[in-house]
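Beneath this line is the structure, given in structure tokens, with notes to follow.
Reminder, nothing fancy here: chain letters follow the sequence lines and each chain counts from 1. Note that the coordinates shown come from a computational prediction; the quantities given were computed from them, not determined experimentally.
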Protein chains: 2
Amino acid sequence: MTGTSEASLIDRCRRSGLRITGPRRVILEVLQSAEDHPDVEELHRRVSRIEPGVNIATVYRTMNKLAEHGLIERHMFDDGRQRFEPAPAAHHDHFINVESGEVVEFCSEEIERLQEEIAKSHGFEIVSHKLEIYVRPRRSR
Amino acid sequence: MTGTSEASLIDRCRRSGLRITGPRRVILEVLQSAEDHPDVEELHRRVSRIEPGVNIATVYRTMNKLAEHGLIERHMFDDGRQRFEPAPAAHHDHFINVESGEVVEFCSEEIERLQEEIAKSHGFEIVSHKLEIYVRPRRSR
DNA sequence: CTCTAGTTGCAACTTGTTCGCAATTAAAAC
DNA sequence: GTTTTAATTGCGAACAAGTTGCAACTAGAG
């Protein structure tokens, strides 16, 4: 999520043979500095704040390109809209706070292991997985 | 998923105060005998085979009503369209075969338990969750 | 049998996303 | 630097899934 990362998105795009244009540069900046999991409209809003005139179709196209090249990760939570995060180093799952919409990442070795085990016992090989836990702040206690 | 069930969907609708009309009766039949997780278009197709003339908007509205009353469960897999299954007795998760699109149910006490634990440690209370494992048949071995 | 609120078909609409196309442009090749 | 050309862009139109307004219809309570 955050800019803890290594090589800038821009560099990684170049290495993937993607052209760095004006609009794209801004989109990448926005993505790189995103601390959350914005959807396309939100990205477009942030981009427009920096440089108005970038069409939302361009944002869509750019996100598709980036996803194709594995440079970002696309999520589809229950609100039915795509959300993105710069491809994280390690896999993780998500808490979605149903009250605020906020997304929190977490990971559990143990759950991953159990999944492997269960898949195997069903004769499957895991391609990918998605664990979303819809939560609310624990009251009282 | 299958008709292993108890009280018919129709009865449960009546008990929920939903009217049983012609179109609705057919939709419920189709749902009840579904062995899979059909989307609205597929449901509509099946309904139309039994009784043509039912509008797809009616299927949408009926599914919304049923979901409101907890009589069916709505899923949103990565294909981005709603899919449904008659509300199952017990919670379960899903394998989605990425090659065939087929959906297989499974459940794991242990994973559920771990989720609780992790949520708690983050100060959350679980509202619901969703674990989807995208798989393919295990080759060779 | 009557009456009314729930339900339906239909067409129009909304929302999120993609597409065609002509104009622009990054960056590879001179 | 200049040329070249394939990738990218803006724009408006087109899509796809799902929803809605409304007048007509009807299940089921009384």
Side-chain angles (χ1 to χ4, degrees), chain A residues 8-31 37-48 50-69 71-72 74-84 101, chain B residues 8-31 37-45 47-48 50-69 71-84 101:
Chain A
S8 71
L9 257 184
I10 293 195
D11 291 343
R12 301 175 57 213
C13 279
R14 273 221 180 73
R15 246 170 269 147
S16 287
L18 295 176
R19 270 208 213 152
I20 307 304
T21 65
R24 194 166 279 178
R25 169 172 281 108
V26 180
I27 294 171
L28 293 173
E29 264 171 40
V30 166
L31 262 178
H37 297 65
D39 61 21
V40 172
E41 303 232 359
E42 178 58 26
L43 287 171
H44 183 238
R45 216 171 294 126
R46 296 182 193 175
V47 166
S48 300
I50 300 177
E51 165 157 335
V54 175
N55 196 285
I56 196 167
T58 299
V59 181
Y60 274 109
R61 280 187 287 224
T62 303
M63 298 319 278
N64 287 341
K65 266 277 139 73
L66 295 180
E68 257 169 50
H69 289 260
L71 301 174
I72 58 173
R74 189 196 311 264
H75 298 293
M76 192 70 172
F77 300 137
D78 273 355
D79 58 3
R81 40 215 299 155
Q82 318 180 357
R83 290 155 169 276
F84 301 90
Chain B
S8 71
L9 257 184
I10 292 194
D11 292 343
R12 301 174 58 211
C13 279
R14 273 221 180 72
R15 245 170 271 149
S16 288
L18 296 176
R19 271 208 213 153
I20 307 304
T21 65
R24 194 166 278 180
R25 170 172 281 109
V26 180
I27 294 171
L28 294 173
E29 265 170 40
V30 165
L31 261 179
H37 298 64
D39 61 21
V40 172
E41 301 232 0
E42 177 59 25
L43 286 171
H44 183 238
R45 218 172 291 126
V47 166
S48 300
I50 300 178
E51 165 157 335
V54 176
N55 196 285
I56 196 168
T58 299
V59 182
Y60 274 110
R61 279 188 286 222
T62 303
M63 299 318 279
N64 286 341
K65 267 277 140 74
L66 295 180
E68 256 170 47
H69 289 259
L71 301 174
I72 57 174
E73 211 164 84
R74 191 195 310 262
H75 297 295
M76 192 75 167
F77 300 138
D78 274 354
D79 58 4
R81 40 215 297 155
Q82 317 181 355
R83 291 155 170 274
F84 301 91

A:Leu43 side chain near A:Thr62 side chain, heavy-atom distance below 4.5 Å
no
Taking only side-chain nitrogens and oxygens of A:Gln82, does any of them come within less than 4.0 Å of OP1 or OP2 of C:dG16?
no
Counting any heavy atom closer than 4.0 Å, what does A:Asp39 reach on the DNA or RNA strands: base, sugar-phosphate only, or nothing?
nothing
Within the 4.0 Å heavy-atom criterion, would you say B:Ile20 contacts the bases, only the backbone, or no part of the nucleic acid?
sugar-phosphate
Mind checking which nucleotides bracket the chain B contacts on DNA chain D, 5' to 3', with an atom under 4.0 Å from a heavy atom?
D:dA17 to D:dG28
Round to a whole Å and report the spacing from OH of A:Tyr60 to C1' of C:dC19.
14 Å
Check: B:Arg24 side chain, B:Arg19 main-chain N or O, donor-acceptor pair, under 3.5 Å:
yes
List the atom of A:Leu71, the atom of A:Cys13, and the distance in Å for their closest heavy-atom pair.
CD1-SG, 3.8 Å
For a 4.5 angstrom cut-off between non-hydrogen side-chain atoms, does A:Arg61 reach A:Thr58?
yes
Considering every strand and a 4.0 Å limit on heavy-atom distances, what is the contact class for A:Gly22: base, sugar-phosphate, or nothing?
nothing
Spacing of A:His44 atom NE2 relative to C:dG16 atom C1', expressed in whole Å:
14 Å
Taking the side chain as every heavy atom from C-beta outward, state whether A:Leu31 and A:Leu9 have any atom pair closer than 4.5 Å.
yes
Just checking A:Gly53: base, sugar-phosphate only, or nothing, at a heavy-atom cut-off of under 4.0 Å?
sugar-phosphate
Might you point out which heavy atoms bring A:His37 and A:Arg83 nearest each other, and give the distance in Å?
O-NH1, 3.0 Å
To the nearest Å, how far apart are A:Asn64 CG and C:dG16 P?
16 Å
For A:Ile56 and A:His44, which heavy atoms make the closest approach, and how far apart are they?
N-NE2, 3.6 Å
For atom CG of A:Asn55 and atom P of C:dC19, their distance in whole Å:
15 Å
Run the salt-bridge test on A:Arg25 and A:Glu29 with the 4.0 Å N-O cut-off and return the result as yes or no.
no
Can you confirm whether A:Glu42 sits close enough to A:Arg46 that some side-chain heavy atom of one is under 4.5 Å from a side-chain heavy atom of the other?
yes
Taking all non-hydrogen atoms of both residues into account, name the closest pair between A:Arg74 and A:Gln82 and its distance.
NH1-OE1, 2.8 Å
Using atom names, set out every protein N or O paired with an N or O of nucleotides 20-24 of chain C below 3.5 Å, distance rounded to 0.1 Å.
residue : atom : partner : partner atom : Å
C:dG20  : O6   : A:Arg61 : NH1          : 3.2

Value in whole Å for how far the P atom of C:dT15 lies from CD of A:Glu41
10 Å
NA contact type, A:Ile56, heavy-atom cut-off 4.0 Å: base, sugar-phosphate, or nothing?
nothing
Nearest-angstrom distance from the residue atom CZ of A:Phe84 to C1' of C:dG16
11 Å
Inter-end axis angle, the helix from C:dC1-D:dG30 to C:dC30-D:dG1, with every axis fitted to five base pairs (rounded, 10 degrees):
40°
Of B:Val40 and B:Thr21, whose nearest nucleotide on DNA chain D comes first from the 5' end?
B:Val40
